[in-house]
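Structure first, commentary second.
Computed over heavy atoms, backbone and side chain alike; hydrogens, waters and symmetry mates excluded. What you are looking at is a predicted structure, and each value in this text was computed from that prediction instead of being measured.
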Amino acid sequence: MNDTTNATEQAIREQLRRLEWMIPDTKRRLAKAADQMLWRSQKAVEDSKAMLADEPCTMNWMEFAEGDLREAKEAKAELTKLYEQQRMLNFFLNQQ
(Lines give C-alpha, C1' and ligand atoms only; values in the text may rest on other atoms or scores of the structure.)
Protein backbone atom coordinates (compact mmCIF):
# COMPACT_ATOMS: atom_id res chain seq x y z
CA MET A 1 0.00 0.00 0.00
CA ASN A 2 2.88 2.38 0.78
CA ASP A 3 4.35 1.82 -2.71
CA THR A 4 0.98 2.64 -4.23
CA THR A 5 0.69 5.78 -2.10
CA ASN A 6 4.20 6.86 -3.08
CA ALA A 7 3.52 6.21 -6.77
CA THR A 8 0.25 8.14 -6.57
CA GLU A 9 1.90 11.04 -4.77
CA GLN A 10 4.72 11.07 -7.30
CA ALA A 11 2.25 11.11 -10.20
CA ILE A 12 0.31 13.97 -8.61
CA ARG A 13 3.48 15.98 -8.03
CA GLU A 14 4.61 15.36 -11.62
CA GLN A 15 1.29 16.59 -13.00
CA LEU A 16 1.46 19.65 -10.72
CA ARG A 17 4.93 20.39 -12.14
CA ARG A 18 3.51 20.18 -15.67
CA LEU A 19 0.73 22.55 -14.68
CA GLU A 20 3.36 25.07 -13.57
CA TRP A 21 4.22 25.71 -17.23
CA MET A 22 0.86 24.83 -18.79
CA ILE A 23 -1.04 27.50 -16.85
CA PRO A 24 1.29 30.39 -17.81
CA ASP A 25 1.27 29.20 -21.45
CA THR A 26 -2.51 29.23 -21.48
CA LYS A 27 -2.58 32.66 -19.81
CA ARG A 28 -0.33 33.96 -22.60
CA ARG A 29 -2.62 32.39 -25.18
CA LEU A 30 -5.63 34.14 -23.62
CA ALA A 31 -3.75 37.46 -23.41
CA LYS A 32 -2.73 37.14 -27.06
CA ALA A 33 -6.35 36.55 -28.03
CA ALA A 34 -7.37 39.64 -26.04
CA ASP A 35 -4.70 41.73 -27.78
CA GLN A 36 -5.90 40.47 -31.14
CA MET A 37 -9.49 41.31 -30.23
CA LEU A 38 -8.42 44.83 -29.20
CA TRP A 39 -6.58 45.35 -32.47
CA ARG A 40 -9.54 43.99 -34.41
CA SER A 41 -12.01 46.25 -32.59
CA GLN A 42 -9.84 49.30 -33.28
CA LYS A 43 -9.83 48.34 -36.95
CA ALA A 44 -13.61 47.93 -36.83
CA VAL A 45 -14.04 51.45 -35.44
CA GLU A 46 -11.77 52.90 -38.13
CA ASP A 47 -13.59 51.05 -40.90
CA SER A 48 -17.00 51.96 -39.52
CA LYS A 49 -16.06 55.66 -39.41
CA ALA A 50 -14.79 55.41 -42.98
CA MET A 51 -18.01 53.67 -44.02
CA LEU A 52 -20.16 56.40 -42.43
CA ALA A 53 -18.08 59.04 -44.22
CA ASP A 54 -18.55 57.19 -47.53
CA GLU A 55 -14.82 56.55 -47.71
CA PRO A 56 -13.16 53.31 -48.83
CA CYS A 57 -13.28 50.67 -46.13
CA THR A 58 -13.44 46.95 -45.61
CA MET A 59 -15.56 44.78 -43.38
CA ASN A 60 -13.17 41.82 -43.48
CA TRP A 61 -12.40 42.31 -39.79
CA MET A 62 -15.81 40.80 -39.04
CA GLU A 63 -14.87 37.33 -40.26
CA PHE A 64 -11.63 37.38 -38.28
CA ALA A 65 -13.32 38.71 -35.13
CA GLU A 66 -15.33 35.50 -34.86
CA GLY A 67 -12.11 33.47 -34.88
CA ASP A 68 -10.54 35.77 -32.28
CA LEU A 69 -13.53 35.31 -30.01
CA ARG A 70 -13.46 31.54 -30.49
CA GLU A 71 -9.74 31.46 -29.61
CA ALA A 72 -10.36 33.52 -26.47
CA LYS A 73 -13.22 31.26 -25.39
CA GLU A 74 -11.15 28.12 -25.96
CA ALA A 75 -8.20 29.56 -24.03
CA LYS A 76 -10.48 30.60 -21.17
CA ALA A 77 -12.04 27.13 -21.01
CA GLU A 78 -8.58 25.53 -21.04
CA LEU A 79 -7.34 27.85 -18.29
CA THR A 80 -10.40 27.08 -16.16
CA LYS A 81 -9.81 23.35 -16.65
CA LEU A 82 -6.15 23.64 -15.69
CA TYR A 83 -6.94 25.63 -12.55
CA GLU A 84 -9.59 23.08 -11.54
CA GLN A 85 -7.12 20.26 -12.10
CA GLN A 86 -4.49 22.07 -10.04
CA ARG A 87 -6.93 22.60 -7.14
CA MET A 88 -8.06 18.99 -7.25
CA LEU A 89 -4.50 17.63 -7.31
CA ASN A 90 -3.45 19.89 -4.44
CA PHE A 91 -6.49 18.70 -2.49
CA PHE A 92 -5.58 15.04 -3.09
CA LEU A 93 -1.95 15.69 -2.20
CA ASN A 94 -2.95 17.32 1.08
CA GLN A 95 -5.26 14.40 1.91
CA GLN A 96 -2.39 11.95 1.96
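- Residues Lys32 and Glu71 are not paired through a salt bridge, judged by the lack of any N-O separation under 4.0 Å between the basic side chain and the carboxylate.
- A distance of 8.5 Å separates CD in Gln15 from CE in Met88, rounded to the nearest 0.5 Å.
- Here the CD atom belonging to Glu63 is positioned 11.5 Å from the CG atom belonging to Asp68, to the nearest 0.5 angstrom.
- Between Pro24 and Arg28, some side-chain heavy-atom pair lies under the 4.5 Å cut-off.
- When hydrophobic clusters are built by joining Ile, Leu, Val, Met, Phe, Trp and Tyr residues whose side-chain heavy atoms come closer than 4.5 Å, directly or via intermediates, Leu16 is grouped together with Met22.
- Rounding to the nearest 0.5 Å gives a distance of 12.0 Å between CG of Leu69 and CZ of Arg40.
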Where do Glu9 and Arg13 land on the salt bridge (Lys or Arg N to Asp or Glu O under 4.0 Å) test, with the steps shown first?
CA-CA 6 Å; Glu9 183 177 333; Arg13 289 187 189 282; 3.0 Å; yes

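- Among residues two or more places apart in sequence or in another chain, the salt bridge (Lys or Arg N to Asp or Glu O under 4.0 Å) test is passed with Asp35 by none.
- Atoms CG and CD, from Leu38 and Gln36 in turn, are 9.5 Å apart once rounded to the nearest 0.5 Å.
- Atom CG of Leu89 and atom CG of Asn94 lie 11.0 Å apart (nearest 0.5 Å).
- Salt-bridge check for Glu78 with Lys81: passed, with a basic side-chain N closer than 4.0 Å to an acidic carboxylate O.
- Scored by the salt bridge (Lys or Arg N to Asp or Glu O under 4.0 Å) test, Glu14 finds Arg17, Arg18 as partners (sequence neighbours excluded).
- Separating the CH2 atom in Trp21 from the CG atom in Asp25 is a distance of 6.0 Å, to the nearest 0.5 Å.
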Sequence neighbours excluded and cut-off under 3.5 Å, please list the side-chain donor-acceptor pairs for residues 46-58, or say none.
from  : atom 1 : to    : atom 2 : distance (Å)
Ser48 : OG     : Ala44 : O      : 2.8
Thr58 : OG1    : Asn60 : N      : 3.2
Thr58 : OG1    : Asn60 : ND2    : 3.2

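- Leu30 and Leu82 fall within the same hydrophobic cluster, defined by Ile, Leu, Val, Met, Phe, Trp and Tyr side-chain heavy atoms under 4.5 Å apart, directly or through other members.
- Side-chain contact between Arg87 and Glu84 is present, with heavy atoms from C-beta onward closer than 4.5 Å.
- If you chain together hydrophobic residues whose side chains sit under 4.5 Å apart, Ile12 and Leu19 fall into the same group.
- Thr26 and Leu79 make their closest contact through CG2-N, 3.6 Å (heavy atoms, listed as atom of the first residue, atom of the second, distance).
- Residues Phe91 and Tyr83 fall within the same hydrophobic cluster, defined by Ile, Leu, Val, Met, Phe, Trp and Tyr side chains chained together at heavy-atom separations under 4.5 Å.
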